[in-house]
Asker: 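Dropping the structure in here first, questions after.
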Protein chains: 2
Amino acid sequence: MSHDPASGQNHLLAALPDPVRERLLPHLEQVALPLGKVIYEPGDRLTHVYFPTDAIVSLLYVMENGASAEICVVGNEGLVGIAVFMGGESTSNRAVVQSAGLAWRLPGQRLKDEFDRHGELLLLMLRYTQSLITQMAQTAVCNRHHSIDQQLCRWLLLSLDRLTGNELNMTQELIANMLGVRREGVTDAAGKLQRLGVIEYSRGHIKVLDRPQLERLSCECYAVVRSETQRLLPYLPLRT
Amino acid sequence: MSHDPASGQNHLLAALPDPVRERLLPHLEQVALPLGKVIYEPGDRLTHVYFPTDAIVSLLYVMENGASAEICVVGNEGLVGIAVFMGGESTSNRAVVQSAGLAWRLPGQRLKDEFDRHGELLLLMLRYTQSLITQMAQTAVCNRHHSIDQQLCRWLLLSLDRLTGNELNMTQELIANMLGVRREGVTDAAGKLQRLGVIEYSRGHIKVLDRPQLERLSCECYAVVRSETQRLLPYLPLRT
DNA sequence: AGGCGTCTGTTCGCTAGCGAACACAGTGGG
DNA sequence: CCCACTGTGTTCGCTAGCGAACAGACGCCT
């Protein structure tokens, strides 16, 4: 389990026993995921799964009227395309690149082949899926009960956990789409955080200055997802 | 795949190939699930899974301050306790009986044993899990964007699909807990539906008079979940 | 029959978030 | 170097939903 950043690390891949990973390796192809790229649309038959290394992908649902809401986030701790092995082949969500970067791409069939060997890969994928489920459930709760202020904190922390460094490139407009709220609401919330000295904001560039404070201002949802993910996937490095 | 109602039908069990079901049968025990019974609490190590026949179980998250929100619903189309085979053994949700009835109970270990044979059961469970995921994702969206009126319609339809007949026993207080809103909000919404002649309400007893109208008044979320479930689990009978 | 507890309906003021509109400031391309 | 565009800040009125408090109504139990 090397932590060489240059090699592009995905922790799910890294957690596989060597023989399994070596079987997959020849079929892994590194691809660039530019900001805004749609990896799949609702109903698309998935041909590949993606293991992000330094990219972040959001799964979001787009309503008939065009409004959207993020369901969950995937970074180097996971993979995009669980429908491939869950059996549905497609989902009702859209997967969009939220932060540009690289990912390992694997043909769905290769994953299924390995899946059918019923080894460590299956167990790992299922556990990962359960952690995704936790994230979705918590998103539902958060959408119901928490203020935009709190949700912004949660969202920043989720993103931060999937990046190196303490900066993220993300306009308020984009964040608003993810959270499913108005851009003005995000401007408000971000303004408050900036005045508190928790973040520094400037034209699509956010620097987090005080992570502990951010965690305090966030709703409980972040901590729930984090600790549950940690429980399910203990091999994941934990940022603080 | 008998449809004898007296025998207590769970469609997930019914969809299993005969040999698989016959292996499970000796370990299935019919249990009564009274209204309000808590099947498991967050963090509980699950010992059994439950296949409801005429009971309905809600998975809901209870926040630190006691407020709650429903994550998804399970009736005779599914099972309670996916964490058993997903590998986490527990979840961060609570499972509560929303409508009293019977269920088949199976020791978790028996399910895992069968799971490890990597046959039809595994595939079916994964597909069912994906349909649950769809429901959760849609709940998140719905919580963000739709009015209590619309959500009540969605919720009534989800419950109706899991019951026989067109009546449900459910106080407004209870519904409010599920939706994560105030009881007064539900009173309002239910009052409107009653004035429209869509439902008849009286002290915890609801009769649905005009299902098509209910579907029209509901947000798109119900239809999305329904059609996706149908796609993933085509053996399920479809109510109209 | 009486009484009590549960369920439903209604009120009031309040706030968060919405929709629309507009002003201003960086920034990058011609 | 200037212009156009993109990103951010701010305003106004409006509505949905909240919190609290209370009134009636039904039904069960004694």
Asker: Rounded to whole angstrom units, what separation is found between the CZ atom of A/Arg144 and the P atom of D/dA16?
Answerer: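 It works out to 15 Å between those atoms.
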Asker: How many whole angstroms separate atom CG of B/Asn65 from atom C1' of D/dC18?
Answerer: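 In whole Å, D/dC18 C1' and B/Asn65 CG are 13 Å from each other.
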Asker: Can you measure A/Leu174 atom CG to D/dG7 atom C1' for me and round it to whole angstrom units?
Answerer: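 For the pair A/Leu174 CG and D/dG7 C1', the rounded distance is 11 Å.
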Asker: For side-chain hydrogen bond (donor to acceptor under 3.5 Å, both in side chains), just list the numbers for B/Gln98 and B/Ser159, CA-CA rounded to whole Å, side-chain angles, deciding distance to a tenth of an Å, and then say yes or no.
Answerer: CA-CA 9 Å; B/Gln98 176 209 308; B/Ser159 297; 3.2 Å; yes
Asker: With a 4.5 Å heavy-atom cut-off, do B/Cys142 and B/Cys219 have their side chains touching?
Answerer: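 A side-chain contact under 4.5 Å exists here.
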Asker: Taking atom P of D/dT8 as reference, at what distance in whole Å does atom CG of A/Asn177 sit?
Answerer: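 So the CG-P distance, A/Asn177 to D/dT8, works out to 13 Å.
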Asker: With side chain to side chain contact (heavy atoms under 4.5 Å, CB included) as the criterion, how do B/Leu193 and B/Leu214 come out once you've worked through the C-alpha distance, each side chain's angles and the decisive distance to 0.1 Å?
Answerer: CA-CA 8 Å; B/Leu193 288 180; B/Leu214 202 54; 4.1 Å; yes
Asker: Atom CG of A/Leu193 to atom P of D/dG9: distance rounded to whole Å?
Answerer: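 Rounded to whole Å, this separation is 12 Å.
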Asker: Is any side-chain heavy atom of B/Pro52 closer than 4.5 Å to a side-chain heavy atom of B/Asn10?
Answerer: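 Yes - at least one pair of side-chain heavy atoms lies under 4.5 Å apart.
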Asker: Do B/Arg144 and A/Met63 have side chains that approach each other closer than 4.5 Å (heavy atoms only, starting at C-beta)?
Answerer: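 With C-beta onward as the side chain, the pair stays apart.
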Asker: Just to verify, which of B/Leu156, B/Val198, B/Leu157 counts as forming a side chain to side chain contact (heavy atoms under 4.5 Å, CB included) with B/Arg211?
Answerer: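 Among B/Leu156, B/Val198, B/Leu157, the one meeting side chain to side chain contact (heavy atoms under 4.5 Å, CB included) with B/Arg211 is B/Leu157.
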Asker: Could you tell me the separation between the NE2 atom of B/His145 and the C1' atom of D/dG17, rounded to a whole number of Å?
Answerer: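 Going from B/His145 (NE2) to D/dG17 (C1'), I get 17 Å.
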Asker: Reading nucleotides 3-15 of chain C from the 5' end, what letters show protein touch, with B for base, S for backbone sugar-phosphate only, - for no heavy atom under 4.0 Å?
Answerer: --BBBBBB-----
Asker: Round to the nearest Å and state the distance from B/Gln151 atom CD to D/dG17 atom C1'.
Answerer: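 To the nearest whole Å, that distance equals 11 Å.
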